[in-house]
Amino acid sequence: MTTLLDNLLAGVIACTVGFVLLATQTRMNEQTIERTRYYAARRSQATFLQTLERDLHNVVSLSSIKMGASDSTFSFTAYLDSTNTTQGTIGYRFRRVGTASGTPIYRVQRQVTVGGSTTTQGGTLNALTGWGIEARSDDDQTVTTTSDARLIYVWFSGASPLAGLGGRQTLSSVGSMHWEARYRPPLLRPDTDI
Amino acid sequence: MPVRPAHLRFPFMPQTLMALFALACATYYSWTRQRAIVEDQIKLVQNEVEMIAASVAVDRLEEISSKSFDQSTVGDSVLSSSSGLTASSSFGMEAGDQNDIDDYHNGVDTLARKAGTATLDYRVVTTVTYAQESAPETSSSSPTKVKTVTATVTSLNVKVPSSVVMKRSFTCGAECAW
């Protein structure tokens, strides 16, 4: 009887041990995937921001005032290279690419037009949950004409570990990592000579 | 000497004891792994908070970039010598608008940023110094054609290991004709 009880108890405990190890391993795998995705998203964001900042600093004139709705493009004329005066039209096209956990997912593509030829050069991952870009006046107010624009307000949000604050933190759920800044292209200032 | 029955000899229920020992080991292993996962997650969150802090710093530096280099160059006035520039000791907010770079010196502001459904508050401390023209990373006590602005952004809601510090140098340009 004791031997039977011993085997029975040992079997139950062994199952528990197996479950604990399995759960731990699963969680570690999830964490590794989350971390990899996070740093991939972060690298992509850094590259995108670098390009965006350079483009906005090289703005010569604006063609758009505001863009936020899906499948629309914010475009402007800018110097394409700091080493010469080649100008081109740069458009940031925002479009929906699907849904995740019921939330629409978007991406932004950077389209460059030079001499009538348009190419897609860069953009974000398919991980944005929101994006907005808007020309504003010097006191950060909405403008109605591009000639009144002095700054360009940009914001976007995407997957983030912050999404899980207060609950389970995971990048696999759609989060709302947020970036917003107001860029002031020198050539949009009235006192700047070209 | 009487012999004990097998079920009363040491170890009592040996397989159960070994299984319990294995359970204790597995629990300890699981606990250490969970702790590592939580620490990792905290680092990701801190990273995110710092990223938002960087956007706050960019915002502040961009705002300053739209201002005149100095009070004496407001309105594109041209200076013929550095003596016309504001002395470092006079940096700081003047009466009226912040219309030139050094007006932001020692400015402390609190800015809010969205993070999901939460709002994070950041303290921005701005300092301005003159910098050597040949080496903008080196500050200068006397007026030069270069001012370096440092924006230090600290999260007020989430404890992060360090503040985000961003520097940018601004040159006087054609207004400083010497």
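A quick note: this is a predicted structure, and the numbers were derived from the prediction, not measured. Naming: A, B, ... by sequence-line order, numbering from 1 per chain.
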Where does [X] contact chain A at under 4.5 Å (heavy atoms): side chain, backbone, both or neither?
{"X": "B/Ala54", "answer": "both"}
{"X": "B/Met51", "answer": "both"}
{"X": "B/Gln34", "answer": "side chain"}

Identify the heavy atoms of [X] and [Y] that sit nearest to each other, and give their distance.
{"X": "B/Asp40", "Y": "A/Arg35", "result": "OD2-NH1, 2.5 Å"}
{"X": "B/Ala19", "Y": "A/Val17", "result": "O-CG2, 4.3 Å"}
{"X": "B/Val58", "Y": "A/Ala181", "result": "CG1-CB, 4.1 Å"}
{"X": "A/His178", "Y": "B/Ile52", "result": "O-CG1, 3.4 Å"}

Interatomic spacing from [atom1] in [X] to [atom2] in [Y] - rounded to 0.5 Å:
{"X": "B/Ser65", "Y": "A/Tyr183", "atom1": "OG", "atom2": "OH", "value": "11.5 Å"}
{"X": "B/Leu17", "Y": "A/Leu9", "atom1": "CG", "atom2": "CG", "value": "10.0 Å"}
{"X": "B/Asp59", "Y": "A/Tyr153", "atom1": "CG", "atom2": "OH", "value": "8.5 Å"}

How about CZ on B/Arg168, more than 12 heavy atoms from neighbouring residues, nucleotides or ligands closer than 6.0 Å, or not?
yes
Take a 6.0 Å sphere around CD of A/Gln121 and say whether it holds more than 12 heavy atoms from other residues, nucleotides or ligands.
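Yes - once you tally the heavy atoms of other residues, nucleotides and ligands closer than 6.0 Å, there are more than 12.
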List the steps, then state whether side-chain contact (heavy atoms from CB on, under 4.5 Å) holds for A/Gln31 with B/Gln41.
CA-CA 8 Å; A/Gln31 176 71 4; B/Gln41 204 72 31; 3.0 Å; yes
Run the side-chain contact (heavy atoms from CB on, under 4.5 Å) test on A/Thr24 and B/Trp31 for me, step by step, so that the C-alpha distance in whole Å, both residues' side-chain angles and the decisive distance to 0.1 Å come before the verdict.
CA-CA 9 Å; A/Thr24 305; B/Trp31 178 73; over 6 Å; no
Is a side-chain donor or acceptor of B/Glu62 paired with a backbone partner of A/Arg184 at a separation under 3.5 angstrom?
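Yes: the side chain of B/Glu62 pairs with the backbone of A/Arg184.
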Would you confirm whether A/Asp6, through its side chain, and B/Thr16, through its main-chain N or O, come within 3.5 Å as a donor-acceptor pair?
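Flag set: sc A/Asp6 to bb B/Thr16 pair under 3.5 Å.
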Is there a chain of hydrophobic side chains (I, L, V, M, F, W, Y, each step under 4.5 Å between heavy atoms) that links [X] to [Y]?
{"X": "A/Tyr92", "Y": "A/Val59", "result": "yes"}
{"X": "B/Phe170", "Y": "B/Met93", "result": "no"}
{"X": "B/Leu120", "Y": "A/Trp155", "result": "no"}
{"X": "A/Phe76", "Y": "A/Val143", "result": "no"}
{"X": "B/Val74", "Y": "B/Val146", "result": "no"}

If you count heavy-atom pairs within less than 4.5 Å of chain A, which of [options] leads?
{"options": "B/Gln15, B/Lys43, B/Glu63, B/Arg33", "value": "B/Gln15"}
{"options": "B/Gly173, B/Gly75, B/Ser66, B/Ala174", "value": "B/Ser66"}
{"options": "B/Val56, B/Leu61, B/Leu23", "value": "B/Leu23"}

Proximal component of A/Leu49, with respect to chain B [non-hydrogen, under 4.5 Å]
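The side chain, not the backbone.
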Can you confirm whether A/Leu21 sits close enough to B/Tyr29 that some side-chain heavy atom of one is under 4.5 Å from a side-chain heavy atom of the other?
yes
